[in-house]
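Report on the following structure.
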Number of protein chains: 2
Amino acid sequence: MGETGSDAGRDGAVRPTSRDVARLAGVSQATVSLVLREQWRGRVSPARVAEVRTAARELGYRPNLAARSLRLGRTRTVLVVVPALTNEFFARVHAGAARVAAEADVGVVLYPSPEGVGAAPDPFASAGATLDGVLASSMAVEALAQLSGDGLPLVMLDSEPRDGPAGATVNPDIGAGMRLVTDHLLTLGHRHVAHVAADVPSWTFEVRERALRAGLSAVPGARLVAAERGPISVAGGLAAAERALSALPRPTALVCDDDTMAAGACKAVRRLGLRVPEDVSVTGFDDLALATAVEPELTTVRLPAEELGAAGLRALLAVLAGERRGTTVLPVTLATRGSTAQAPQPA
Amino acid sequence: MGETGSDAGRDGAVRPTSRDVARLAGVSQATVSLVLREQWRGRVSPARVAEVRTAARELGYRPNLAARSLRLGRTRTVLVVVPALTNEFFARVHAGAARVAAEADVGVVLYPSPEGVGAAPDPFASAGATLDGVLASSMAVEALAQLSGDGLPLVMLDSEPRDGPAGATVNPDIGAGMRLVTDHLLTLGHRHVAHVAADVPSWTFEVRERALRAGLSAVPGARLVAAERGPISVAGGLAAAERALSALPRPTALVCDDDTMAAGACKAVRRLGLRVPEDVSVTGFDDLALATAVEPELTTVRLPAEELGAAGLRALLAVLAGERRGTTVLPVTLATRGSTAQAPQPA
DNA sequence: TCGACGACGTTATACGTAACACGTCACCTC
DNA sequence: GAGGTGACGTGTTACGTATAACGTCGTCGA
C-alpha cells in the first residue's frame, strides 16, 4: 500500500492521532472525538461506536493532552505547594491530595517551596504545565499574593482563614488539638509548663501558642515558665528544650510544636540526667511515624494529614466547579502514650 | 480607545497572548516569539527587543505552555515514579530530582505508586500531562514494561542495572554499604548476626542480603543465625527482630534493611530486657532523620538520597538529549553511632 | 402528500505558539 | 550603477483536539 501521506507509519514511535483512528475506522475525526469522550448518545450509531473503539484500541491511541488543553483552555492539572516533602506531615498531605486527584482524573504538579515557608520563585513558569488551580499549604502571605495575582483558584491548607483571595480554606482544628494537650497535662497535675516552639512564622504555630497560653491561664497556679523557639528538627528541639529546662521553676512538662522537636526534647531531658516521663513529660504534635519509634512513645496530637490533603483537593475541585466554599475544619484527636505521666511531687 | 477586536481588555482575567504583545509593541507575533525565547541575536534589532520586552512585561504576558507543547511535540515535563513519598528516603530522592528539574526548567509530575512496588495503573492517563520521560525508583519489572511500552525515555533508580529498556540506571552502591556494615560488626567481634529484612521483593534488598551473607562467610566462625522479613515500619521491624532474637545461638547484632525497622528492632531488644548496644548491636540503612532521633542513635548506611534523585534526573535529561548513558553508581558511607558496640563476651 | 423532525455524520474552524520561507530595504564592492 | 549581501522583519502554516454549524437521509403526524 502506498504511503497515503505525511510520515505516518514510522516504526511505531510516533503516536497516532484521532485522525489516524478516524481513517482506520472510516469515519471523520469529529466522530472519533465524540465517541472517545462518551458524548455520542443520539449522535453516533452503536455500530460506528464499536468500530471507532476497536480502531482506537488497535492503534493504541491516546489523546494528546497538550492539544486538548489548548482547545479547552483548561488542563485538569493543579499545583500543590508544600513547604517540604521531607516533612512527613506534608508528604501525607500530598498523598491525600494525590489520591483524590487520581480519582477525579486530575493531574498534580508538585512545588516544594525551597525554604519552607517562602517566596515561591514563579512556580508557574517552572511548573512546566498550565494550571487550573492551586492547593497551598502553610504559605506566607507574600507568596500567597503572588499566587493569587495570576487569578488562579486557590485553596489554602493549615492557614489563616481570613485571607481574601482564597477560594476556600481547610484546616485541622489546631486550637482544639492544643487544648487537648493542655487539658491532658493539667489533669496529670502539671503546673509548670514550657513551650518548645517552631521558629517558623506561621498561622498554625501562632494558634498553638495562643491555645497553650489560654489553656494554662484558665487554671490557677498553672503557668508557662518558658517559651523557646528553634528549627523543626531533632537538633532544634534539643537545643530549645535545653534552654527551656534551665528556667526556674523548672518545667515538669515540655509541650513541643512537632514530633521531631519532641524527640529532641526527650534527648535534652536525659542529658540533664532526668527521665521521661517520670521527671518531665513531653508532648509532640502531628503523630508522625517517629512518635512510635522513640522510647518512650510520644503523647501527641494526631492530625488527619491525608484527610487534610484530600479535603483540600476536593475543595479545590468544588471551587473550580464554581461552588465556592468557606472554611472547613477537621477534627483532631490526642494519642496518649508513654511520654506523659503524673507530675512529680514538688521536692 | 475603541475596542480593537475580540474580547481583549476584559478585566484582566483573560491571559494575554503573544499576539497581544505584538500589537502593543508594534511588531509581528513571530518577532515576539523570537525575542522572548532569546533567539533574536542577529534577527531583531536591540531597540525592537527592548520594546517587545516592555510590552510583554506591561501585559504580564506568560506563554501558554499547552500551545507550546502542542507545537513542539515536547512538554519539558517528566514523570517521577516513587513507591511512596511518606518514606523519607524517596521524599529526598524526589527533592533532589525536583531541584535539578527546576534548574533545567523542566516540570515534574509525581506518581507515587499506591502499593509500594506495584502495577502503576496507567500513569500516563492519570498524570494529566503529556510526558517527555520517566524517572522511576525501585520499580517492579511488569510496571517497568508497561512504562517502557509507550516508548518513553526511562531512567531507573535503585534498580537492577541489566534491564533492557532503560535509557540509564543510577544506583547507590548498596553492596558496598552492606559490606561496610558487615566489616564494622566483624571488627567489633560480632560472629552471630541476624538479618532483619524488608519483605519487599526488590533489587536493592536482594543486594543487601547477598552482601551480608558474602561478608559473613568470608570470616571463619561468623554466621547468619537468622533472617526474618517484615514490612518496612517500626512495627514490622519489631516483629521481625523478636523472631530473630529467639534464634539460637542468640545473635549479638541485628542488621536491618531500613532505619525504621532498626528503630523497631531496638524496641524488640529492650522488650527482652536486653540493652542496645551493650547486649545487642543494631544497624540501620538510609540514614533518615529517625536515625538520630532515637536513643541510642543508629549506626547506619548513609545513602545519598538527594544526589540519587539529582543524578537520576540529570541522566534522564542526558537521555532526552540523545546522549545515552549506562549505569552510574554513587558512593555511600557508614555513619557510626551509638547503636553498635563491641560484641559481648560469650557467657 | 408534505413539512417537520430526529438520527447520524461531516466540514470547517479556532485555540496560541514556533518556525519555515520569503520580502524589503540600505549599504557596500567592483 | 549593477548586483550582491546582510540586517531586520513579516506572512503563513501546522501541531491535535473540541465543537458549532451544516447536510442528508428516513419516518411520522396531519
Side-chain angles (χ1 to χ4, degrees), chain A residues 5-8 10 14-52 55-56 59-76 124-125 128-132, chain B residues 5-8 14-52 55-56 59-76 125 128-132:
Chain A
S6 73
D7 57 345
R10 197 98 205 90
V14 289
R15 281 173 58 155
T17 74
S18 59
R19 216 174 305 267
D20 295 328
V21 175
R23 244 191 312 266
L24 181 58
V27 298
S28 75
Q29 176 265 328
T31 302
V32 172
S33 176
L34 289 174
V35 169
L36 297 183
R37 285 177 309 117
E38 302 296 334
Q39 303 287 330
W40 57 272
R41 277 152 295 249
R43 337 232 281 97
V44 182
S45 66
R48 286 249 182 283
V49 169
E51 289 174 22
V52 169
L59 292 176
Y61 169 74
R62 285 182 194 292
N64 180 317
L65 301 203
R68 174 175 290 174
S69 298
L70 175 59
R71 177 63 228 249
L72 293 179
R74 8 187 203 97
T75 56
R76 297 197 69 75
F124 302 96
T130 324
L131 303 167
D132 282 356
Chain B
S6 72
D7 57 347
V14 289
R15 283 173 55 155
T17 74
S18 61
R19 216 174 307 266
D20 295 329
V21 175
R23 245 192 310 267
L24 181 58
V27 299
S28 75
Q29 177 266 328
T31 302
V32 172
S33 176
L34 288 174
V35 169
L36 297 184
R37 286 177 305 120
E38 302 296 335
Q39 303 286 330
W40 57 272
R41 278 153 294 249
R43 339 242 266 104
V44 181
S45 64
R48 286 248 182 281
V49 169
E51 289 174 21
V52 169
L59 292 177
Y61 169 75
R62 285 182 193 293
N64 180 317
L65 300 203
R68 174 176 293 174
S69 297
L70 176 59
R71 178 62 231 249
L72 293 178
R74 333 173 241 114
T75 56
R76 298 196 69 75
T130 323
L131 302 167
D132 282 356

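Numbered from 1 within each chain, the chains take letters A, B, ... in sequence-line order.
Between B:Thr17 and B:Asp20 there is a side-chain heavy-atom pair separated by less than 4.5 Å.
We find that CZ of B:Arg23 is positioned 13 Å from C1' of C:dG16, with the value rounded to whole Å. To the nearest angstrom, P of C:dC8 lies 14 Å from CD of A:Glu51. Taking atom CH2 of B:Trp40 as the reference point, atom C1' of D:dA7 lies 13 Å away to the nearest angstrom.
Note that the OG atom of A:Ser18 and the CG atom of A:Leu34 stand 11.0 Å from one another [nearest 0.5 Å]. How far CG of A:Leu70 is from CG of B:Leu65: 11.5 Å, rounded to the nearest 0.5 Å.
Applying side-chain contact (heavy atoms from CB on, under 4.5 Å) to A:Val32 and the options A:Val44, A:Val21, A:Leu24 leaves one that passes, A:Val21.
Pairs of residues two or more places apart, or lying in two chains, that qualify as salt bridge (charged side-chain N to carboxylate O under 4.0 Å, His left out) and include a residue from residues 38-47 of chain A are A:Glu38-A:Arg53.
Across all strands shown, A:Thr31 has heavy atoms under 4.0 Å from base atoms, whether or not it also approaches the sugar-phosphate.
No donor-acceptor pair closer than 3.5 Å links the side chain of A:Arg74 to the backbone N or O of A:Asp132.
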ask   = Can you give one letter per nucleotide of nucleotides 17-28 of chain C, going 5' to 3': B for a protein heavy atom under 4.0 Å from the base, S for sugar-phosphate only, - for none?
value = BBB---------
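Judged by closest nucleotide on DNA chain D, B:Gly26 is the one of B:Gly26 and B:Leu70 placed further toward the 5' end.
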